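Bear in mind that the values here come from a model prediction, so they are computed numbers and not experimental data. Read the numbers this way: they start at 1 and go in the same order the structure lists the ligands and their atoms.
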Amino acid sequence: MTSDLAAADGPPSTVEAYQAAILSAITPLAPVSLELGDAEGCVLAEDVTAAVALPSFDNSSMDGYAVRAADVARAAEGSPATLRVTGEIAAGDIGAYRLAPGTAIKIMTGARLPAGADAVVPVEWTNGGNADVAIYRPAEHGNAVRYVGGDAAKGETLLTAGTRMRPMQIAVAASAGRRAVSVRPRPRVVALSTGDELTEPGTPLVPGRIWDSNSYMIAAAAREAGAVAHRRSVVPDDPEGVLPALEEQLAHADLLITTGGVSMGGEHDVVKAALRKLGTVTFRKVAMQPGMPQGFGVIGEGGAGGKGQVPIFTLPGNPVSAYVSFQMFVRPALAALQGANDLALPAVRATLAGPARSPSGRRSYLRGVLDGGTVTPLSGQGSHQIAYLGRANALIIVPESQTHLPAGETVDVLILP
Ligand code: AMP
Ligand code: MG
């Protein structure tokens with residue numbers, strides 16, 4: 001573990017220092033070769049180059065007639081150029097065709113341009129003839145021709161390692177001649193909620209209890225960040241039960257996330273109590289709001305950093321704190337596991353539509369609604385206010401040095417996925 005994480009009793013860490021400490025402890029998952037049909041959403045672990053030039057042969061971009069531009073140079077509405085049609089080339093036809101001067105060959109979109117032709121006259125500029133064709137407009141050299149290499153040269157790098165295989169990239173890999181690609185698999189994530197007050201949603205509530213929202217939220221957020229994620233049923237506040245519940249997940253997980261049980265000193269902070277004993281998970285304060293108490297480390301058998309050790313995040317229990325902590329710390333870790341370059345939350349500058357407050361010395365991530373260049377802080381900024389979180393589409397950043405920002409101020413805003 002790095003010194004940054006080890007300094008648990010020191011002053012609060014900055015967000016950046018804590019992020020850096022986490023990333024230094026994360027190793028990307030080993031690449032696997034996946035067929036294109038299975039690679040969607042995974043991140044490339046290799047560059048993909050074009051096996052051939054794209055296109056690999058000169059071809060027509062329209063249905064029409066392959067001609068020599070010189071033969072139709074004087075064609076006009078009132079005095080068409082009339083050419084004998086000597087054949088027809090369909091897409092996929094691999095015959096060797098040659099165009100004789102003063103003639104035309106009917107050609108379809110995607111069909112190879114015959115030798116001797118240097119332009120295609122779209123069928124719309126003609127009478128559509130089969131034996132002879134009347135052409136009413138001149139076509140310039142290269143008209144409606146897609147030249148070899150016009151999209152990419154042979155050997156050109158089309159996709160780089162770190163790129164996520166979305167539908168467009170899958171098409172690129174297929175067009176480059178690839179049947180399979182080397183990718184990092186989607187990280188397997190398990191989300192666990194801890195707390196004696198938690199009740200499964202959909203079951204009756206008794207006073208003093210709440211429905212568990214965190215495990216569903218965190219699993220969904222992990223999926224949104226490229227993971228295969230599921231939740232485990234609620235873990236009670238039983239110091240003897242927490243570790244076994246976590247260990248049970250080790251075989252199925254590349255990353256574990258708990259929520260709750262890590263506050264600043266309560267007797268019921270069972271996650272903290274159970275994991276602190278292991279010595280491989282560090283708890284510390286981060287100078288932010290929400291989300292000040294954070295824990296990160298590894299659990300599982302194996303030498304330091306070795307196989308069998310699974311990174312674990314212990315996020316605070318308040319749902320808004322857990323959500324913001326996920327986006328600030330877990331999301332970059334999931335990117336690192338995937339070797340991905342696309343998971344940073346998009347940041348924009350916007351004008352505050354109302355005043356914003358923040359505790360001194362801590363960076364606030366206020367929930368807000370971004371609309372064009374204006375961002376409105378929501379009135380409910382409590383860490384338990386999940387209903388307000390559900391109305392937000394952005395996080396407004398109030399820097400550590402500020403305690404109050406008036407309306408009209410320009411602020412940094414993170415756009416929520
Ligand atoms: P803790 O971090 O366990 O002290 O919890 C802090 C606050 O978050 C308490 O009000 C908890 O009831 C609440 N909380 C903890 N876990 C969850 C959860 N899974 N879903 C909703 N609220 C939670
Ligand atoms: Mg709790």
Side-chain angles (χ1 to χ4, degrees), residues 8 12-13 18 189-224 227 229-246 248-249 253 255-277 281-297 312-330 359 362 364-365 367 378 380-392:
S13 173
Y18 189 56
V189 170
V190 180
L192 302 90
S193 288
T194 69
D196 279 344
E197 73 279 33
L198 302 179
T199 303
E200 293 290 339
T203 65
L205 206 59
V206 295
R209 301 282 171 91
I210 59 173
W211 284 304
D212 166 33
S213 58
N214 285 351
S215 62
Y216 287 99
M217 171 180 70
I218 294 297
R223 262 178 238 122
E224 190 278 325
H230 66 271
R231 71 180 282 268
R232 186 210 183 272
S233 54
V234 166
V235 181
D237 282 328
D238 163 17
E240 304 305 314
V242 169
L243 210 47
L246 290 171
E248 204 181 284
Q249 302 302 323
L255 186 89
L256 294 176
I257 306 167
T258 65
T259 65
V262 295
S263 319
M264 292 302 178
E267 279 168 38
H268 303 282
D269 293 337
V270 294
V271 172
K272 207 172 191 174
L275 295 179
R276 191 164 246 168
K277 280 190 222 131
V281 181
T282 306
F283 297 91
R284 66 167 316 151
K285 292 183 187 177
V286 178
M288 65 191 276
Q289 181 170 290
M292 184 157 73
Q294 296 289 338
F296 174 76
I312 181 168
F313 284 87
T314 67
L315 304 183
N318 273 310
V320 179
S321 312
Y323 180 78
V324 171
S325 303
F326 177 94
Q327 299 302 353
M328 292 307 126
F329 306 122
V330 187
R362 286 161 72 182
S364 285
Y365 294 97
R367 278 67 66 207
L378 288 162
Q381 293 290 340
S383 298
H384 64 293
Q385 286 180 298
I386 191 79
Y388 281 94
L389 179 64
R391 295 180 191 119

Visitor: Please write down residue, atom name and distance for the protein heavy atom closest to atom 6 (C) of ligand 1.
Guide: Asn318 N, 3.8 Å

Visitor: When you look for heavy atoms under 4.0 Å from ligand 1, do you find them on the side chain of Ser213, its backbone, both, or neither?
Guide: both

Visitor: Ser263 heavy atoms, cut-off 4.0 Å: which ligand 1 atoms fall inside?
Guide: 1 (P), 2 (O), 4 (O)

Visitor: Keeping Glu197 on the side-chain end and Gly208 on the backbone end, is there a donor-acceptor pair under 3.5 Å?
Guide: no

Visitor: What's the spacing between Ser325 OG and Tyr365 OH if we round to 0.5 Å?
Guide: 10.0 Å

Visitor: Applying a 4.0 Å heavy-atom criterion (strictly less than), which segment of Leu198 is in contact with ligand 1: side chain, backbone, both, or neither?
Guide: side chain

Visitor: Would you say Pro319 contacts ligand 1, with heavy atoms under 4.0 Å as the rule?
Guide: yes

Visitor: Report the member of Ser321, Ser383, Gly317, Ser193 with the shortest heavy-atom distance to atom 23 (C) of ligand 1.
Guide: Gly317

Visitor: Which option wins on minimum heavy-atom distance to atom 22 (N) of ligand 1: Leu315, Ile210, Asp237?
Guide: Ile210

Visitor: List the residues meeting ring pair (Phe, Tyr, Trp, His ring centres under 6.0 Å) with Tyr323, not counting sequence neighbours, and say none if there are none.
Guide: none

Visitor: Applying salt bridge (charged side-chain N to carboxylate O under 4.0 Å, His left out) as the test, list every pair that has at least one member in residues 199-210; sequence neighbours left out.
Guide: Glu200-Arg231

Visitor: Tell me the nearest of Leu192, Val234, Asn214 to atom 16 (N) of ligand 1, using heavy-atom distances.
Guide: Asn214

Visitor: Answer with yes or no whether Glu197 contacts ligand 1, where contact means a heavy atom under 4.0 Å from a ligand atom.
Guide: yes

Visitor: Ignoring hydrogens and geometry beyond distance, is a side-chain donor-acceptor pair present between Arg284 and Gln294 at under 3.5 Å?
Guide: no

Visitor: Would you check if there is a donor-acceptor pair between the side chains of Thr259 and Asn214 at a distance under 3.5 Å?
Guide: yes

Visitor: In terms of atom number and element, which parts of ligand 1 are under 4.0 angstrom from non-hydrogen atoms of Gly261?
Guide: 1 (P), 2 (O), 3 (O)

Visitor: If you round to the nearest 0.5 Å, how far is OG1 of Thr314 from CZ of Arg276?
Guide: 10.0 Å

Visitor: Counting non-hydrogen protein atoms only, what is the nearest one to atom 19 (N) of ligand 1? Give residue, atom name and distance.
Guide: Asp212 OD1, 2.7 Å

Visitor: Within the 4.5 Å heavy-atom criterion, are Leu198 and Ile210 side-chain neighbours or not?
Guide: yes

